[in-house]
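Just so you know, ligand 1 is whichever comes first in the structure, and atom 1 is the first atom listed for that ligand. Since the structure is predicted, the reported quantities are computational estimates derived from the model, not experimental observations.
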Amino acid sequence: MPSSRFPLGRIALACATLICCGVAAWSQAANAPLAFTGADRRPALSLNGDWAYIVDPYFSGLFSFHHEEKKNGWFLNRKAQPGDTGPTEYDFDKAPKLKVPGDWNTQRESLFFYEGPIWYQRNFTYQPQAHSRVYLHVGAANYHSWWWVNGKRACEHEGGFTAFNCDVTEAVHAGDNFIVAAVDNTRREDNVPTLETDWWNYGGITREISLITVPNTFIDQYDLHLSPTEDGVIEGWAHLTGASAGAPVEVEIPELHAKAHATTNANGKAAIHFSVSGLERWSPEHPKLYAVTLHADADSINEQMGFRTIETRGTQILLNGKPVFLRGISIHAEAPYRTGRAWSDKDAETLLGWAKDLGCNFVRLAHYPHDETMQRAADRMGIMVWSENPVYWALKFDSPQVYDKASHQLEEEIGTLRNHASIILWSMANETPNNPTRTDFITRLAAKARELDNSRLITAALLVHAQGNTKIVDDPLGNVLDVIGVNEYIGWYEAHPETADVTQWDIRYDKPLIVSEFGGDAKAGLHGRDNDRWTEEYQANIYRHQIGMLNRIPQLRGMSPWLLMDFRSPNRPLAGIQDEFNRKGLISDQGEKKQAYYILQKAYKEGAVGKPE
Ligand code: GCB
């Protein structure tokens with residue numbers, strides 16, 4: 001049954017599936033996966049670990065030789081029996097293993113460039129509890145995945161960077177169980193992102209996976225934030241599934257001796273509004289988190305949450321009512337030292353620890369929603385976050401199905417991450433082509449983001465154009481943004497680092513501006529003169545001249561240079577220098593700090609770049 005939460009999105013996704021893979025009956029039969037807030041706070045049986053895998057480039061585990069969906073596909077996890085009338089040509093018990101979480105590309109040399117379907121299987125034992133529901137919680141599987149439990153369809157999911165939850169209550173039983181999944185990272189024109197990106201298309205179950213148990217009536221989503229208009233008031237809502245109107249919901253912050261009582265309406269949603277006194281607001285200088293408990297019926301969730309406000313006033317960004325300058329850096333979800341997709345607390349703490357050491361109070365988590373472990377680390381460490389939708393470069397903006405995919409991923413991103421105080425900006429897109437179809441698409445997406453969460457600011461990284469030495473920011477998308485992001489590569493893709501000294505900015509919006517990217521490649525340890533491309537000196541020279549230029553932009557309220565750490569990209573084949581890495585990191589993938597790191601660090605620590613007002 002399609003879920004009532006995302007009815008339109010799911011129908012559109014079902015159609016898209018039918019076209020691309022011919023799995024006609026699939027989406028109707030399986031449950032639509034749901035986004036939950038705080039799924040990682042639920043009691044869980046971890047399914048991390050070794051999973052058997054079978055590489056299946058022709059997807060013959062699911063399709064017959066005439067490309068019809070098989071009834072006896074590999075999801076049955078069949079074992080050959082004496083007397084069988086035909087062969088069983090797969091056996092998960094004899095298959096090799098992959099670590100989950102983990103992309104497959106960095107675990108097997110033969111899978112390094114692989115794009116296509118791979119089957120996963122693992123056994124688990126389970127004891128169902130009375131009056132409860134069981135969900136398979138998947139942190140992320142890139143890009144398209146199909147899930148079966150004990151041979152029964154569980155769900156299908158599209159989108160490689162958002163968490164989802166499949167209801168498997170009817171499929172699990174007491175004792176021995178098994179899960180089979182097919183994960184397909186094939187790039188397609190009508191996917192989000194689309195065919196072209198500048199990062200590695202890491203495939204697989206890339207984030208943590210577990211079974212979570214909830215009572216029959218439970219809180220699937222909740223939103224709590226400090227009111228932007230009423231001093232000392234926390235407001236928001238909680239949504240209960242399986243509840244009728246009038247169900248009581250309670251929110252408690254023991255440290256503040258604060259308790260709120262609310263009741264659900266006919267849609268299962270309870271509006272929350274209560275006063276607190278003595279609240280210490282979350283900020284980078286004081287990342288105070290409170291234990292918060294939500295109760296409803298037999299359900300309860302224990303959260304760790306910070307409270308702060310974020311707004312704009314003219315060209316200023318106000319955090320807790322005070323102007324702030326966002327000293328940032330961009331970050332890909334690339335794992336430090338081992339490469340591959342980042343997922344662990346240690347990955348998050350290493351990346352954000354470097355950002356802190358650099359003097360940052362802000363990070364741009366590009367170019368897709370990062371793992372919730374990253375947002376939780378940012379909450380703890382006091383780092384403001386720009387969280388981004390994978391609307392990257394030239395999607396098929398004229399396709400309603402593509403819009404539905406982008407909008408669905410945005411719903412999952414906000415639905416999952418909405419309570420992290422660290423997130424101050426939802427970014428709608430990166431470097432999209434300036435035309436009316438694109439503008440209409442992203443305008444609708446921004447309206448959707450505001451409808452889902454009006455307590456944060458909306459941004460996007462725009463392209464700029466130039467007349468002589470003047471950079472002009474006039475993309476009409478700027479009209480729908482609260483904060484304008486712009487990317488520019490003076491000294492790398494255009495002109496020379498020194499050209500920044502004579503560059504003027506003509507910004508047609510009276511809004512705060514973030515230079516969301518600038519930079520250049522340098523191979524760690526490669527030295528030369530300031531004008532020798534690929535050397536640390538060249539990159540450092542770009543940063544020196546950029547900092548001078550940025551200080552001449554009166555409405556500049558933040559920056560997130562491209563980027564903290566080198567990352568793998570198949571677009572970067574230059575042998576001996578790039579070797580399939582984008583080398584614009586201030587730190588190499590092996591943790592070596594380049595010269596430009598120290599230049600930016602000095603500017604941030606001495607307050608020599610940017611001003612809050
Ligand atoms: C950009 C993109 C980013 C690329 C970067 C580069 O403008 O937004 O994804 O990786 O340039 O290095 O070219």
Side-chain angles (χ1 to χ4, degrees), residues 142 160-161 187 191-202 328-334 339 341-342 351 363-370 386-395 425 427-434 438 442 459-466 471 473 475 477 481 483-495 497 500 513-524 533-536 538-539 542-543 546 550 558-574 577-589 594 596-597 600:
N142 189 37
F161 300 99
R187 285 168 300 115
N191 283 355
V192 181
T194 181
L195 294 170
E196 303 286 342
T197 71
D198 184 27
W199 65 81
W200 209 271
N201 179 25
Y202 291 122
I329 192 73
S330 294
I331 300 182
H332 253 297
E334 184 89 14
T339 76
R341 196 47 81 228
L351 291 167
V363 289
R364 174 183 179 204
L365 300 184
H367 280 300
Y368 36 74
H370 286 217
W386 156 318
S387 178
E388 189 160 325
N389 190 317
V391 175
Y392 182 89
W393 291 352
L395 297 192
L425 288 159
S427 172
M428 297 297 105
N430 179 70
E431 292 185 352
T432 51
N434 179 354
R438 178 289 320 237
I442 299 176
T459 192
L462 307 178
L463 292 165
V464 292
H465 63 103
K471 292 274 180 207
V473 182
D475 185 327
L477 200 52
L481 307 178
V483 175
I484 312 282
V486 293
N487 296 353
E488 51 89 5
Y489 279 91
I490 300 167
W492 188 253
Y493 294 121
E494 53 171 305
L513 181 104
I514 296 177
V515 172
S516 36
E517 286 182 29
F518 70 82
D521 289 58
K523 187 171 160 70
R533 213 174 261 270
W534 311 110
T535 62
E536 290 194 28
Y538 189 102
Q539 187 191 42
I542 292 179
Y543 273 71
Q546 284 281 333
L550 294 176
M559 52 196 270
S560 50
W562 194 250
L563 82 171
L564 183 69
M565 194 190 81
D566 293 352
F567 63 100
R568 286 194 192 273
S569 169
N571 292 349
R572 311 294 174 178
L574 184 64
I577 300 278
Q578 293 177 311
D579 300 314
E580 275 84 32
F581 277 92
N582 183 314
R583 300 274 184 208
K584 292 189 186 69
L586 295 175
I587 304 179
S588 77
D589 56 290
K594 307 177 193 174
Y597 180 94
L600 187 64

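Taking Arg187 as the reference, Glu115 meet the side chain to side chain donor-acceptor pair (under 3.5 Å) condition, with sequence neighbours excluded. With sequence neighbours left out, the side chain to side chain donor-acceptor pair (under 3.5 Å) criterion links Ser387 to Glu413.
Closer than 4.0 angstrom to ligand 1 lie heavy atoms from Asp198, His367, Tyr392, Asn430, Glu431, Asn487, Tyr489, Tyr493, Glu517, Trp562, Phe567, Arg572, Asn582, Lys584.
The aromatic rings of Trp199 and Tyr392 lie perpendicular to each other, with more than 60° between the two planes, well past the 30° mark.
Distance alone, capped at 3.5 Å, places no donor-acceptor pair between the Arg364 side chain and the Met559 backbone.
Identified under the salt bridge (Lys or Arg N to Asp or Glu O under 4.0 Å) test for residues 558-567, with sequence neighbours left out: Asp566-Arg583, Asp566-Lys594.
In this structure, a donor-acceptor pair under 3.5 Å is present between the side chains of Asn142 and Asn201.
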